[in-house]
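Side chains are part of it too, since the values below use all heavy atoms of this structure and drop only hydrogens, waters and symmetry mates. To find a chain, count down the sequence lines: A is the first, B the second, and so on, and within it residues start at 1.
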Protein chains: 2
Amino acid sequence: MARAGLNAERLARAGAELADEVGFDQVTVSALAKRFDVKVASLYSHVRNSRDLRTRIALLSLEEMADRAADALAGRSGKDALIALANVYRDYAREHPGRYAAAQFRLDPETAANSAGVQHARMTRALLRGYQLSEPDETHAVRLLGSVFHGYVSLELGGSFSHSAPGTDETWTRVLDSLDAMLRSWPAPAPGADPDSGADDRTADPDRPN
Amino acid sequence: MARAGLNAERLARAGAELADEVGFDQVTVSALAKRFDVKVASLYSHVRNSRDLRTRIALLSLEEMADRAADALAGRSGKDALIALANVYRDYAREHPGRYAAAQFRLDPETAANSAGVQHARMTRALLRGYQLSEPDETHAVRLLGSVFHGYVSLELGGSFSHSAPGTDETWTRVLDSLDAMLRSWPAPAPGADPDSGADDRTADPDRPN
DNA sequence: AGGATTTGCCTAAAGGCTTTAGGTGATTTC
DNA sequence: GAAATCACCTAAAGCCTTTAGGCAAATCCT
C-alpha cells in the first residue's frame, strides 16, 4: 500500500481548506480522512483528537493573518496603517471564512499565549503608537479596535448587514474614518471616573494580551 | 408511566439553561433528554431535529435580550440610552453566555426576518434618533454600534481581555464615552468618497435589518 | 546488504449522538 | 365508555470519535 504522506502540518492545512469549504464546525476527523482517501483511524497517529485538529487549524489561521497584518503594516502609519490592518482582517474573513472562524476557536491559555494571537495585539499596539496615546488609554484603544474589527467582520460575514442599503463597503469606510477621528481626539475620561482604577500601566509588559 | 410534560417551549427553555451550563455547542438532543429523564427519541415529537432545537434556543435568547433592551431604553435618550443598551448586551452575555452564543446562531433568512433580531436593529435605530443622523449615516451608525457591542462582548467573553490591566469595566466605560463622542460629531464622508454610492435611503424602510 | 527498528496506515470494536419507524398505554373527546 | 389522539418507548441504522492491536514500508544500523 502506498503511503499518503500525512503529517500534522498537512492535516492542518487540508483542514483549513475544508473549513473554508464547509464551515469550521463541519471540520471533522472523518471528513479529513475521506479527503486523503485514508481510513479515519490513520489520522490519530498525527493528531491527538478532534480538538487538537481544530486547534492546529486555528493556530495556522492566526499565523496567516498575522503574516498578512505584518505585511500590511510595513511602511505605513497613522490612518493608512489603520485602514490597512482593518482590511487584512476583513479580506481574510471574506477569502477564508472557515479559517476566520477557526481563528476564533477558544484555545487553552497556554496555547493561546504561544500563538500568533499575541502578535495581533502587538501589531495593534504598534499601529496605535501613531496616535500617541499613553497608558492605559492605549490598552483601551487596542480593545476598541479589536472589538470593531472582529465585530464588524463577523456580523458582515454572518449576513447581518446584507439585504440592506447602503453597501457594506461604504459603511466600512465610514467606520474607519470614524475610528481614525476618534483616535486622533481620544476623549479624556468622563468626569467622575476613578482616575486610579486598574493597575499602574506605565511599566506594563508590551507583550501582554490586549 | 407518568408523562414528563414536554413541549417545544419547555425544551427550548431547558436547552437555554443547558447552554449556559455547558456551552451552546454542547447542547444536544441527547443531553436534553437526559435532563428530562426521558428517552432521546421522545424529544423528536416536539422538535424537528437538532438544528430546530438550536434555532428555538436562539430565538428565545434573541427575545429575552430584546425584552431587556426595550426595558432599558424606556425613558432614556442620548448617552444614557446608549449606555443602557450597551449594558444590556454585555450583562446578558455575562449572565447567560450560552444563550448569548445561541443568539449568534445563523438562522435561515426567513426565520431571521421573523425573529426578535429585527427589534434589535429597530431599537438601535431608535436610540440613534437622539443623535440626529440622517440616512445613510444612521445605517452606518447602526452597523458600527452592532459591531462594537458584539465585538467587545464576544472578545471579553472569550477571555481575550483577561489577564491584563486595566480592568475591562474601565475600558467599557471609555469605549462608550468614545462612541458617544463619535456619534455627536459624526464625521462627514471623507473627501473623494462617492456621495451617491448605495441606494437612496431617504425613503428607506425603517424595519429593514441593520 | 540485510536485519532491526520505527513509522504509517489498516482492521476491529466500543461508545455516543442523530434520526426514523413503529408500538403501547395514558389522556382527551364526543 | 369507545374512539381518537398524544406522549413516551423500543429498536435500529448511520455517522463520528477514539483506542487497541497488526502488518508492511521506510529507515537505520553494522
Asker: Does any residue of residues 33-48 of chain A have a heavy atom under 4.0 Å from DNA chain C, and if so, which ones, in number order?
Answerer: A:Val38, A:Lys39, A:Ala41, A:Ser42, A:Ser45, A:His46
Asker: Does the separation of the ring centres of A:Tyr152 and A:Phe161 fall below 6.0 angstrom?
Answerer: yes
Asker: In whole angstroms, how far is the C1' atom of D:dC16 from the CZ atom of A:Arg51?
Answerer: 18 Å
Asker: Mind checking the CG-CD1 spacing from A:Leu32 to A:Ile57? Nearest 0.5 Å is all I need.
Answerer: 7.0 Å
Asker: Taking B:Ala72's backbone N and O only, do any of them form a donor-acceptor pair with B:Arg76's side chain (distance below 3.5 Å, no angle check)?
Answerer: yes
Asker: In whole Å, I'd like the distance from the CG atom of B:Asn7 to the P atom of C:dT27.
Answerer: 16 Å
Asker: Rounded to the nearest 0.5 Å, what separates atom CG in A:Leu85 from atom NE2 in A:His120?
Answerer: 9.0 Å
Asker: Roughly, in whole Å, what's the span from CZ in A:Arg10 to C1' in C:dC9?
Answerer: 14 Å
Asker: State which of D:dT17, C:dC17, C:dT19 makes the closest approach to the side chain of B:Ser50.
Answerer: C:dT19
Asker: What I want to find out is whether A:Arg94 reaches A:Glu156 closely enough, with some N-O distance under 4.0 Å, to be called a salt bridge.
Answerer: yes
Asker: C:dG16, OP1 or OP2 - any side-chain N/O from B:Thr28 closer than 4.0 Å?
Answerer: no
Asker: Between P on D:dA7 and CD on B:Glu9, what's the gap in Å once rounded to a whole number?
Answerer: 15 Å
Asker: In Å and rounded to the nearest 0.5 Å, what is the CZ to CE distance from A:Arg68 to A:Met123?
Answerer: 12.5 Å
Asker: Whole Å only: how far is the CG atom of A:Leu6 from the P atom of C:dC9?
Answerer: 4 Å
